[in-house]
Novice: 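Following this message is one structure expressed as structure tokens.
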Amino acid sequence: MKLLEVLSVTKKFGSLTAVDNATLVINQNEIVGLIGPNGSGKSTLLHTICGRTFATEGKILLEGSEITNKAPQVRAMAGMAIKFQLARIYLEKTVKENLLISLQAKESIWNQLLSRTLKSFEQKILDLAEEFQLEDYLNEPAKSLSHGQQQWLEIAMAMASNPILLLLDEPTAGMSPKERADTAVLIKKASTKCGILIVEHDLDFIKEICNRISVLHQGNVIATGTPSEIENDPKVKEVYLTRV
């Protein structure tokens, strides 16, 4: 099943074309990597998908429904979640409070005012904390977590909304080898619940974790295939792989 379809998307900023006729498909429970050197248009394409900016041309479909010009909050309500490169968590609040805030996001104001949600979400908080190796830190402030743990907390917060599509922007940046390996396991587990698009510079990580990889060059998707196909693609070798 096609979960996300990016169809001939172009994004222009005045005379600059940042993304040029890019096409990308993510299927249900699939992990797709998007790679490319700085300036290739990866971030811009990601931003057109999540709604931080709108495509100049082309279409974006989520489960067959067009979201090309929908606001980010509309896309979130439709089942899209994103984790940006820099962790966006509440550093002074505990891990438990961070997870509760995410779980409450789709709750009515009435339920929140009646304080019904903490009790109803207690098990969900415990499950998320255990899944993302944070169960021993539930009552600790998020600022006390390591860099990798803060990244896991934000992914857990994104998964709290039960998304159908998770977007990850360089999820392993600044991590130790052990943290990168643990992150790979966590993302693979998350893919049993949703489709995942990862923008990443770490090629070893991408090759290990992704079902398919799309390669962006000067705003164009020049190749899409399995990690093995991309690694052996002559055009990718010539134009790209050694420069990522």
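If you read the sequence from its start, that first residue is 1, and numbering goes on from there. As the structure is a prediction and not an experimental result, all values here were calculated from the model.
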Novice: Using the side chain to side chain donor-acceptor pair (under 3.5 Å) criterion, which residues pair with Lys193? Sequence neighbours excluded.
Specialist: Glu131
Novice: Does Asn29 have any side-chain contact (heavy atoms from CB on, under 4.5 Å) partners at least two apart in sequence or in another chain, and if so, which?
Specialist: none
Novice: Any side-chain heavy atom of Asn211 sitting closer than 4.5 Å to one from Val32?
Specialist: no
Novice: Indicate, with yes or no, if Val185 and Ile155 share a hydrophobic cluster defined by side-chain heavy-atom contacts under 4.5 Å among Ile, Leu, Val, Met, Phe, Trp and Tyr.
Specialist: no
Novice: What distance do Glu238 atom CD and Asp233 atom CG have between them, rounded to the nearest 0.5 Å?
Specialist: 10.0 Å
Novice: Please identify each residue that fulfils side chain to side chain donor-acceptor pair (under 3.5 Å) with Glu135, with sequence neighbours left out.
Specialist: none
Novice: Would a 4.5 Å heavy-atom cut-off, applied to side chains only, mark Leu153 and Leu134 as touching?
Specialist: yes
Novice: Please report the interatomic distance CD(Glu92) to OG(Ser144), rounded to the nearest 0.5 Å.
Specialist: 10.5 Å
Novice: Identify whether Leu61 and Met80 are in the same connected component of the hydrophobic contact network (ILVMFWY, side-chain heavy atoms under 4.5 Å).
Specialist: no
Novice: Verify the cluster assignment for Tyr137 and Ile101: are they in a single hydrophobic cluster under the rule of side-chain heavy atoms below 4.5 Å apart?
Specialist: yes
Novice: Pair up each side-chain donor or acceptor in residues 48-57 with any protein partner under 3.5 Å, not counting sequence neighbours, and list the distances.
Specialist:
{"unit_1": "Thr48", "atom_1": "OG1", "unit_2": "Leu45", "atom_2": "O", "d": "2.7"}
{"unit_1": "Thr53", "atom_1": "OG1", "unit_2": "Lys11", "atom_2": "NZ", "d": "3.2"}
{"unit_1": "Thr56", "atom_1": "OG1", "unit_2": "Lys12", "atom_2": "N", "d": "2.9"}

Novice: Side chains of Ile198 and Ile31: does their closest heavy-atom pair fall under 4.5 Å?
Specialist: yes
Novice: Among residues at least two apart in sequence or on other chains, which ones pass side-chain contact (heavy atoms from CB on, under 4.5 Å) with Glu179?
Specialist: Ser146, Trp152, Met175, Ser176
Novice: Under the rule for side-chain contact (heavy atoms from CB on, under 4.5 Å), what residues qualify as partners of Ala190, not counting sequence neighbours?
Specialist: Met159, Ile196
Novice: Donor-acceptor pair, Asp202 side chain versus Phe205 backbone, under 3.5 Å?
Specialist: yes
Novice: Check side chain to side chain donor-acceptor pair (under 3.5 Å) between Ser191 and all other residues, then give those that pass, not counting sequence neighbours.
Specialist: none
Novice: If every non-hydrogen atom of Ser214 is compared with every non-hydrogen atom of Thr224, which pair is closest and at what distance?
Specialist: OG-OG1, 2.8 Å
Novice: I'd like to check the salt bridge (charged side-chain N to carboxylate O under 4.0 Å, His left out) partners of Arg75; sequence neighbours left out, ordered by chain and number.
Specialist: none
Novice: Measure the shortest side-chain to side-chain distance between Leu103 and Ile125 over non-hydrogen atoms and say whether it is less than 4.5 angstrom.
Specialist: yes
Novice: Measuring from Lys42:NZ to Glu200:CD, what's the distance to the nearest 0.5 Å?
Specialist: 9.5 Å
Novice: With hydrophobic residues grouped by side-chain heavy-atom distances under 4.5 Å, do Leu7 and Leu62 end up in a single group?
Specialist: no
Novice: Nearest 0.5 Å, please: how far is CG in Leu167 from CG in Leu34?
Specialist: 10.5 Å
Novice: Does any pair with a residue in residues 213-230 pass salt bridge (charged side-chain N to carboxylate O under 4.0 Å, His left out), and if so which ones, sequence neighbours excluded?
Specialist: none
Novice: Under 4.5 Å between side-chain heavy atoms, hopping through other hydrophobics if needed: is there a path connecting Ile222 to Ile213?
Specialist: yes
Novice: Could you check whether any side-chain heavy atom of Glu140 comes within less than 4.5 Å of a side-chain heavy atom of Thr94, counting everything from C-beta outward?
Specialist: no
Novice: Does NZ belonging to Lys124 count more than 12 external heavy atoms closer than 6.0 Å?
Specialist: yes
Novice: Tell me, do Leu46 and Leu197 make a side-chain contact under 4.5 Å, heavy atoms counted?
Specialist: yes
Novice: Restricting to side chain to side chain donor-acceptor pair (under 3.5 Å), what partner residues turn up for Thr44, sequence neighbours left out?
Specialist: none
Novice: Which atoms form the tightest heavy-atom contact between Leu128 and Ala156, and what is the distance?
Specialist: CD2-O, 3.8 Å
Novice: To the nearest 0.5 Å, what is the distance between CD1 on Ile206 and CD on Glu231?
Specialist: 13.0 Å
Novice: Between Lys83 and Gln151, do the side chains contain an N or O donor and an N or O acceptor separated by less than 3.5 Å?
Specialist: yes
Novice: Can you name the closest pair of heavy atoms from Ser102 and Ala160 and give their distance?
Specialist: CB-CB, 3.9 Å
Novice: Using only heavy-atom distances, determine whether the side chains of Thr68 and Glu66 contain a donor-acceptor pair under 3.5 Å.
Specialist: yes
Novice: Should Val25 and Val6 count as side-chain neighbours, where that means a heavy-atom distance under 4.5 Å?
Specialist: no
Novice: Is any side-chain heavy atom of Ile26 closer than 4.5 Å to one of Lys2?
Specialist: no
Novice: Quick one: pull up NZ in Lys178 and OG1 in Thr183 and give me the separation to the nearest 0.5 Å.
Specialist: 9.5 Å
Novice: For residues Cys210 and Gly33, report the shortest heavy-atom separation together with the two atoms involved.
Specialist: SG-N, 3.4 Å
Novice: Answer yes when Arg88 and Glu154 have at least one side-chain N-carboxylate O distance shorter than 4.0 Å, and no when they do not.
Specialist: no
Novice: For Ser40 and Gln218, which I'm curious about, is there any donor-acceptor pair between the side chains at under 3.5 Å?
Specialist: no
Novice: Taking all non-hydrogen atoms of both residues into account, name the closest pair between Ser8 and Thr23 and its distance.
Specialist: N-OG1, 3.1 Å
Novice: List in chain and number order the residues that pass salt bridge (charged side-chain N to carboxylate O under 4.0 Å, His left out) with Asp204, two or more places apart in sequence or in another chain; answer none if no residue qualifies.
Specialist: Lys207
Novice: Taking only residues two or more places apart in sequence or in another chain, which ones pass salt bridge (charged side-chain N to carboxylate O under 4.0 Å, His left out) with Asp20?
Specialist: none
